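Structure first, commentary second.
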Amino acid sequence: MNGPIDRHAETSVPIHPLLASRHSTRAFEADFELSDEQIAALLEAARWAPSAGNTQPWRFIVARRDTPEFKRVLDCLDTGNAEWAQHAAALLVAVRVEANAKGPLSHAAYDLGQSMAHLTFQAAAEGLTVRQMGGFDADAISGEFDLPSELKPTSVAAIGVAGDPALLAESVAGPDRKPRARLSIDELVIGG
Ligand SMILES: Cc1cc2nc3c(=O)[nH]c(=O)nc-3n(C[C@H](O)[C@H](O)[C@H](O)COP(=O)(O)O)c2cc1C
């Protein structure tokens with residue numbers, strides 16, 4: 001199936017247009033380069049997320065395309081992800097801090113996720129798209145970047161400007177060509 005399909009969320013009531021239009025793509029404009037200001041804005045958005053006790057248990061590895069760091073992150077992705085993520089303008093490794101000097105941070109993963117939600121929203125405001133990935137070798141990233149044991153790579157985000165999914169092989173672009181789906185609100189709310 002070729003041609004553009006509507007990636008907007010179908011919502012029961014209106015929500016913020018940036019939330020409704022945000023979606024994850026595997027197709028990226030291969031020539032697009034992120035500016036320093038755009039990267040700073042993404043990190044600022046993540047930085048100002050809420051966290052348990054304001055512990056801010058998030059750290060990031062940011063690697064622009066055509067840099068040695070990008071290749072180092074790319075080589076840690078599952079093959080299926082690397083195939084399309086190689087064209088992103090940047091790869092960002094989201095790292096949770098599992099413990100600080102006071103002890104374990106039980107909500108680290110939750111807080112890191114919130115910081116990434118802020119980042120993806122800011123990306124949408126910048127006209128950028130983000131596709132996050134769980135399909136990568138976290139131990140390989142830790143080894144490659146010599147991370148201490150309390151820092152755990154949790155996801156990798158491919159960031160850039162959305163390209164044309166029609167140019168990707170069906171096996172790669174499959175999800176981009178299917179309608180977006182969600183559980184209904186009734187299914188989400190426990191107890192009615
Ligand atoms: C933690 C996490 C891990 C994900 N892992 C992958 C992945 O390894 N490969 C991939 O292509 N997409 C991955 N995704 C993207 C999801 O498939 C996508 O967000 C989901 O299908 C909903 O689509 P939407 O973001 O367009 O609403 C991941 C997303 C998240 C948040």
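Just so you know, these numbers come straight off a predicted model, no measurement behind them. Counting convention: from 1, in listed order, for ligands and their atoms alike.
In this structure, atom 25 (O) of ligand 1 lies nearest to the protein heavy atom S24 OG, 2.4 Å. What sits closest to atom 5 (N) of ligand 1 on the protein, heavy atoms only, is G134 N, 2.8 Å. Ranking protein heavy atoms by distance to atom 12 (N) of ligand 1, first place goes to R131 NE, 2.9 Å.
The proximity of N81 to ligand 1, defined as any non-hydrogen pair under 4.0 Å, is limited to the side chain.
Proximity of a side-chain donor or acceptor of R131 to a complementary backbone N or O of S24 within less than 3.5 Å is detected.
Taking 4.0 Å as the cut-off between side-chain N and carboxylate O, K71 and E69 do not count as a salt-bridged pair. Using a 4.0 Å cut-off between charged side-chain N and carboxylate O, D139 and K152 make no salt bridge.
Looking at Q56 and N54, their side chains do bring a donor and an acceptor atom within 3.5 Å of each other.
Separating the CG atom in L168 from the CZ atom in F28 is a distance of 10.0 Å, to the nearest 0.5 Å.
Surrounding CD of E44 are more than 12 heavy atoms belonging to other residues, nucleotides or ligands, all under 6.0 Å away. Counting non-hydrogen atoms of other residues, nucleotides and ligands closer than 6.0 Å to CD1 of I15 gives a total above 12.
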Could you list the donor-acceptor pairs under 3.5 angstrom formed by side chains in residues 103-113, with sequence neighbours left out?
from, atom 1, to, atom 2, distance (Å)
D111, OD1, A52, N, 3.4
D111, OD2, A52, N, 3.0

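The option with the heavy atom closest to atom 4 (C) of ligand 1, from among R7, Q132, H23, R182, is Q132. Ranked by closest heavy atom to atom 11 (O) of ligand 1, the top entry among R22, K178, R26, M133 is R26.
Residue S155 has no nitrogen or oxygen atom sitting less than 3.5 Å from a nitrogen or oxygen atom of ligand 1, judged on distance alone.
Not a single heavy atom of F136 sits under 4.0 Å from any atom of ligand 1.
For atom 20 (C) of ligand 1, the nearest protein heavy atom lies 4.0 Å or farther away. The presence of a protein heavy atom under 4.0 Å from atom 1 (C) of ligand 1 is ruled out.
Near G135, the atoms of ligand 1 lying under 4.0 angstrom from a non-hydrogen atom of the residue are 8 (O). Counting the atoms of ligand 1 from 1 in the order shown, those under 4.0 Å from a heavy atom of R180 are 24 (P), 26 (O), 27 (O).
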